[in-house]
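Each chain gets a letter, A, B and so on, in the order the sequences are listed, and its residues count up from 1. Side chains are part of it too, since the values below use all heavy atoms of this structure and drop only hydrogens, waters and symmetry mates.
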Amino acid sequence: MLDPKLLRESPDLVRAAIAKKHLDVDVEALLTLDAAWRGQLQQVESLRAAQKAANTEMAKLPKGSPEFIAKVQEMKAVSTQVKEADVVLGETEARLKQAMMTLPNLPHASVPEGRTPEDNVVFATWGDVATLSPHAKPHWEIAGFEKLFDFARGSKVTGAGFPFYIGDAARIVRALLHFFLDENGKAGYVEVNPPIFVNAASATATGQLPDKEGQMYEAVADGFYAVPTAEVPLTNFFRDEILDEAALPVKRCAYTPCFRREAGSYGKDVRGLNRLHQFDKVELLKWVHPSSSYDELDALRGDAENLLRKLGLPYRVLLMCGGDLGFSQSKKYDLEVWSAGQKRWLEVSSCSNFETFQARRAQIRFRNADGKPELVHTLNGSGLAVPRVLAALLENNLQPDGRVKIPAVLVPYFGKEYLTFA
RNA sequence: GGAGAGGUGGCUGAGUGGUCGAAAGCAGCGCUUUGCUAAAGCGCCGUAGGUGUAACAGCCUACCGGGGGUUCGAAUCCCCCCCUCUCCGCCA
């Protein structure tokens, strides 16, 4: 959510942001609605002031006196008026709030212009794609794949997109998670093991609600949502709190399974490990001082990149253009790993600065030098998502004999040098 | 899941249907006293929205777990929900 004052005082900034993100929002209607709301608010408040004044007066009068009774009669009318005006105000306020929610976050000046994914800027690349295994094939075509990654039984037991990982597959998942958490810990992120169900208030603060409820699995009886990412419980940890300025930046990471309904996905995107309804991911999160949030974003991206480098997986960094930026982000980098078998880039991390957009919804603040509460900037990024990293690992490191060579850094976690499908 | 007791400012903790945004204490900040520290005295000290200002100030309104209701008027009375604690039940 944007600062209402920003809309009021600099509507042109908001218009420019909407244009850069190639969205369509009626700013004029919003300004009109805002003006109406303020008018109604003042009306209600002046009626309330009258009530309060009368109240003070009546407290001094003898209870049953004629003056008292007269005053009660008089204030009955005001009471009715307040209630009526308050209903109108409440309706306007609800409409205004809903309309405000349609305003996207302002993109940062460094975000490139552009409309589609083709307009994203390749910011950096690492590793040599050409020298990878000539034996590479899509991971789902590797002999024995279906024994270790049992999609059929996953479908029987739960449904499509909920595979079983068996033997070496389960071990490599665990090794990757363990490796990610250890490395992130070394980089200064405190490990957290959060709830994997959240309530509606939390899902609203991070932007899953309203409108995106269809993307989450819901435990209806309890009003809980299965987390689509650890970002949700992690960010909400400090919801409605005021942090110490000296404590910033706060850096945390968490592993959770992530649950996504992914309605509407199809084709090659969903083959094998490319897109699942349940997958494992380690998320990085930072709460930072507004003055340093872009430096912190670069550092966060660097932390995620470092994981891919240590695994020896070639990747590129995309700087997302205005049109491909998320609604709530000011700036975003995607990390895409090269998948030698599919011959395509797979997104394994998305590192974003939300500035105050999430913090305003979640009311996460710090006390500044003047002693006044001020919104923090929140950043997050994957560090990393397991299935696609694993897909690239299986494909890029496939040996002529059908085994997969495990990167040296993972061997201590995995326990042996090759993953076998036999 | 059942029974009971609670939820008030950063913390502890008073609070009668009206003069309560809320006593008191602690913590914090400022000043005074003091050789320093400690101590004492005095003052300040919640958040949000609106209005206002060059910016402060000021003014108005809301907020006593959340949401409804009763009333001229609700922290206080009624209803629903959430959370915490104790006991019982169940259980990794």
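Cation-pi geometry between Lys405(A) and Tyr418(A) is satisfied (NZ or CZ under 6.0 Å from the ring centre, within 45° of the ring normal).
Not counting sequence neighbours, Asp222(A) has no partner by the salt bridge (Lys or Arg N to Asp or Glu O under 4.0 Å) test. In this view, Arg171(A) and Asp168(A), Arg174(A), Phe414(A) satisfy the side chain to side chain contact (heavy atoms under 4.5 Å, CB included) rule, not counting sequence neighbours. Listed by chain and number, the residues in a salt bridge (Lys or Arg N to Asp or Glu O under 4.0 Å) with Lys310(A) are Glu183(A) (sequence neighbours excluded).
In this structure, Phe149(A) and Tyr165(A) have perpendicular ring planes: the angle between them is above 60°, well past the 30° mark.
With respect to Arg252(A), the side-chain contact (heavy atoms from CB on, under 4.5 Å) criterion is satisfied by exactly one of Val192(A), Leu284(A), Asn380(A): Val192(A).
Comparing the same atom, P, in A22(B) and in C29(B) gives a spacing of 24 Å after rounding to whole Å. Atom name C1', nucleotides G46(B) and A38(B): the rounded distance is 30 Å, in whole Å. To the nearest whole angstrom, the two P atoms, one in C77(B) and one in C88(B), are 31 Å apart. Rounded to whole Å, the separation between the P atoms of G65(B) and U8(B) comes to 7 Å. Between U12(B) and G4(B), the two C1' atoms lie 25 Å apart (nearest whole Å). Spacing between U32(B) and U84(B) at atom P, rounded to whole Å, works out to 49 Å. Spacing of C1' atoms, G9(B) relative to A5(B), comes out at 23 Å, to the nearest Å. Separating the P atom of C45(B) from that of G10(B) is a span of 15 Å, rounded to the nearest Å.
Pro373(A) comes within contact range of the sugar-phosphate backbone alone, with a heavy-atom separation under 4.0 Å but no base atom that close. At a threshold of 4.0 angstrom between heavy atoms, the contacts of Gln51(A) are confined to the sugar-phosphate backbone, with no base atom among them. Among the atoms of the strands shown, none is found under 4.0 Å from any heavy atom of Lys60(A).
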Problem set entry | Under the 3.5 Å Watson-Crick or G-U criterion, the dot-bracket string of RNA chain B, with | for inter-strand pairs | ((((((((.[[[..)..(.....]]].(((((.......))))).((((((......)))))).[[[[[..)....]]]]])))))))....
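Each of Ala53(A) and Glu45(A) has a nearest nucleotide on RNA chain B; the 5'-most of these lies closest to Glu45(A). The nearest heavy atom of RNA chain B to Gln363(A) and to Arg48(A) marks one nucleotide each, and the one closer to the 5' end goes with Gln363(A).
Applying the ring pair (Phe, Tyr, Trp, His ring centres under 6.0 Å) test to pairs two or more places apart or on separate chains, none has a residue in residues 10-56 of chain A.
We find that Lys71(A) and Glu74(A) are joined by a salt bridge, their nearest charged nitrogen and carboxylate oxygen being less than 4.0 Å apart. Using a 4.0 Å cut-off between charged nitrogen and carboxylate oxygen, Asp324(A) and Lys332(A) do not count as a salt-bridge pair.
A 4.0 Å heavy-atom criterion places the boundary nucleotides of RNA chain B facing chain A at G18(B) to G73(B), written 5' to 3'.
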